[in-house]
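What follows is a short report on a single structure.
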Protein chains: 2
Amino acid sequence: MARLPVYLRALTTLSEAGTTVCSSEDLAAAAGVNSAKLRKDLSYLGSYGTRGVGYDVDYLRYQIAREMGATRDWPVVIVGIGNLGHALANYSGFRSRGFRVVALLDADGQRHGEVVAGVVVRPFSDLRAIVREHGVAIGVIATPAAAAQDVADQMVDAGISSILNFAPTVLNVGAEIAVSKVDLSKELQVLAYHEQRKATQETA
Amino acid sequence: MARLPVYLRALTTLSEAGTTVCSSEDLAAAAGVNSAKLRKDLSYLGSYGTRGVGYDVDYLRYQIAREMGATRDWPVVIVGIGNLGHALANYSGFRSRGFRVVALLDADGQRHGEVVAGVVVRPFSDLRAIVREHGVAIGVIATPAAAAQDVADQMVDAGISSILNFAPTVLNVGAEIAVSKVDLSKELQVLAYHEQRKATQETA
DNA sequence: CTCGTTTTGTTCTCGCGTTCACAAACTCCT
DNA sequence: AGGAGTTTGTGAACGCGAGAACAAAACGAG
């Protein structure tokens with residue numbers, strides 16, 4: 001489920017606040033969801049709660065982390081070291097959640113050798129070797145839209161099975177490859193759409 | 001609808017490729033959705049297609065842009081000029097889609113005066129004045145999670161009505177405020193979850 | 001030991017969004 | 001001009017996820 005990370009974050013917050021036990025109501029409020037939905041999600045993982053009491057925060061946190069694969073380190077490759085790639089490489093939220101950036105790749109030879117966040121930028125052609133060496137399963141695409149499909153194809157070819165795509169393009173890959181897309185400007189456009197609707201409704 | 005930006009981008013791509021007319025099938029393929037869904041979405045805006053022919057690419061593009069408010073410029077304020085704030089300020093995708101970063105704000109006095117993407121970083125306390133001066137309706141939060149709620153409150157207080165939140169926190173704001181959340185590490189965690197499931201299924 | 005209280009886990013219903021399928025409408029060819 | 005072939009716009013069915021409601025279970029008080 002896509003909500004597990006949110007629950008995990010809410011549990012971490014509760015744990016840091018000194019809470020040891022919480023009800024589904026409490027956790028649902030912290031995660032911003034309905035309590036029934038939260039209980040249903042958690043029951044899908046197993047029965048980790050105690051009726052009449054609630055959930056043990058640390059225990060549940062560990063169980064969710066285990067289910068999500070957050071108890072191990074995931075090596076990650078980032079392709080495209082522009083503004084966005086820079087920020088992603090430096091983003092502390094990745095490291096703290098078990099993601100290790102093992103390589104930064106860029107097609108632009110001018111950037112090779114540059115050190116970003118303690119990692120050297122290497123040629124894109126090194127992709128296959130790096131995937132093999134580190135057992136990388138997850139790749140991040142932060143290239144311009146025009147290059148994204150080619151990068152994705154070569155990632156799949158090199159053995160990567162999950163792709164996080166920041167380029168504003170629809171990627172065509174096999175159904176066995178998990179693709180997640182983040183479009184920074186799309187979100188702003190949706191907000192602008194709402195503003196626009198508000199404005200037109202007021203004038204009407 | 002949240003899919004309009006995707007359609008708009010697909011139309012732009014088609015237009016740049018020299019296509020003047022396209023069927024709903026073509027556009028749906030380019031946008032990665034079902035053609036019936038696309039037609040229904042478009043019919044919600046009006047009847048801009050011609051039966052037996054298809055849609056005029058540029059005409060439809062203009063209509064969608066108008067509906068989304070992309071025909072005018074939207075002033076935007078970014079709060080929190082860390083790694084992510086830097087990347088967002090430099091992100092060309094915003095400017096090219098009608099968003100103009102009119103101010104960069106940060107609570108850290110050390111950063112004030114620094115110029116990022118041609119804009120000077122100013123104190124967070126200038127928020128209200130900037131919103132008034134430029135008529136800002138959209139704010140972007142790129143601060144750490146701990147500061148996000150306070151920033152959101154002050155944004156609402158200053159008159160901002162749409163917030164794009166990159167901080168990993170659930171914001172509590174009035175229902176009249178549109179909030180969109182982007183959690184960079186959440187997406188990676190979902191991918192790791194899929195990888196984890198693949199791995200456990202193979203061993204079972 | 002029993003009863004009341006609390007909270008989980010689960011069943012059931014409802015509503016929305018997606019998709020299928022078809023009629024209306026337009027173009028082109030003969 | 002008429003018919004064949006396309007393609008849009010929309011009505012109807014399907015499926016899935018969300019929320020409400022309830023039964024099962026654990027704890028505590030008397």
Side-chain angles (χ1 to χ4, degrees), chain A residues 1-8 10-11 14-15 19-64 67 170 175 178-181 186 190 193-194 197, chain B residues 1-8 10-11 14-15 19-64 67 170 175 178-181 186 190 193-194 197:
Chain A
M1 293 273 184
R3 285 184 295 271
L4 288 183
V6 180
Y7 300 159
L8 193 57
L11 282 168
L14 286 174
S15 179
T19 313
T20 62
V21 173
C22 71
S23 69
S24 63
E25 296 279 351
D26 301 336
L27 185 53
V33 299
N34 184 288
S35 67
K37 179 158 57 172
L38 179 126
R39 288 201 298 278
K40 192 172 281 185
D41 287 343
L42 294 185
S43 74
Y44 179 71
L45 306 182
S47 279
Y48 296 131
T50 309
R51 302 182 186 211
V53 180
Y55 298 92
D56 183 291
V57 173
D58 287 330
Y59 180 60
L60 181 59
R61 189 155 68 114
Y62 171 75
Q63 294 297 341
I64 292 181
E67 178 76 13
V170 177
V179 175
S180 185
K181 190 181 163 198
K186 186 182 107 176
V190 171
Y193 172 72
H194 290 311
R197 272 175 53 95
Chain B
M1 292 275 185
R3 285 184 295 271
L4 288 183
V6 180
Y7 301 158
L8 193 57
L11 283 169
L14 286 175
S15 179
T19 312
T20 62
V21 172
C22 72
S23 70
S24 62
E25 296 279 350
D26 300 336
L27 185 53
V33 300
N34 183 290
S35 67
K37 177 158 58 173
L38 179 125
R39 286 200 301 275
K40 192 162 277 189
D41 286 344
L42 294 186
S43 73
Y44 179 72
L45 306 183
S47 279
Y48 296 131
T50 308
R51 303 183 185 209
V53 178
Y55 299 92
D56 182 290
V57 173
D58 287 330
Y59 180 61
L60 181 59
R61 189 154 68 114
Y62 171 74
Q63 293 298 340
I64 293 182
E67 178 76 15
V170 178
V179 175
S180 185
K181 191 182 162 199
K186 188 182 105 176
V190 171
Y193 172 72
H194 290 312
R197 273 176 53 96

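Just so it is clear: chains get the letters A, B, ... in the order the sequence lines come, proteins before strands, and each one is counted from 1. Values in this document were obtained by computation on a predicted structure and should not be read as measured data.
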Worksheet item: In residues 41-58 of chain A, which ones come under 4.0 Å of DNA chain C, going by heavy atoms?
Response: Ser43(A), Ser47(A), Tyr48(A), Gly49(A), Thr50(A), Arg51(A), Gly52(A), Val53(A), Gly54(A), Tyr55(A)
State the [atom1]-[atom2] distance between [X] and [Y], to the nearest 0.5 angstrom.
| X | Y | atom1 | atom2 | value |
| --- | --- | --- | --- | --- |
| Arg3(A) | Asp41(A) | CZ | CG | 4.0 Å |
| Leu8(B) | Gln63(B) | CG | CD | 12.0 Å |
| Lys186(B) | Leu4(A) | NZ | CG | 10.5 Å |

Worksheet, complete the sentence: Considering only heavy side-chain atoms of Ser24(B), the closest of dT19(C), dT8(D), dT7(C) is dT8(D)
Response to the item:
Closest of dT19(C), dG9(C), dT8(D) to the Ser23(B) side chain is dT8(D)
Distance, rounded to the nearest Å, where [X] contributes [atom1] and [N] contributes [atom2]:
| X | N | atom1 | atom2 | result |
| --- | --- | --- | --- | --- |
| Leu38(A) | dT7(C) | CG | P | 14 Å |
| Leu27(B) | dG9(D) | CG | P | 12 Å |
| Leu60(A) | dT7(C) | CG | C1' | 14 Å |
| Glu25(B) | dG5(D) | CD | P | 18 Å |
| Arg39(A) | dA18(D) | CZ | C1' | 13 Å |
| Lys37(A) | dG19(D) | NZ | C1' | 9 Å |
| Gln63(A) | dT8(C) | CD | P | 16 Å |

Worksheet item: So does Asn34(A) get a side-chain nitrogen or oxygen closer than 4.0 Å to the phosphate oxygens (OP1/OP2) of dA20(D)?
Response: yes
Pairwise side-chain contact, [X] with [Y], heavy-atom cut-off 4.5 Å (strictly under):
| X | Y | result |
| --- | --- | --- |
| Leu60(B) | Leu27(B) | yes |
| Tyr55(B) | Leu11(B) | no |
| Val33(A) | Val6(A) | no |
| Ile64(B) | Leu42(B) | yes |

Worksheet entry | Under 3.5 Å donor-acceptor pair, Lys40(B) side-chain atoms to dT19(C) base atoms | yes
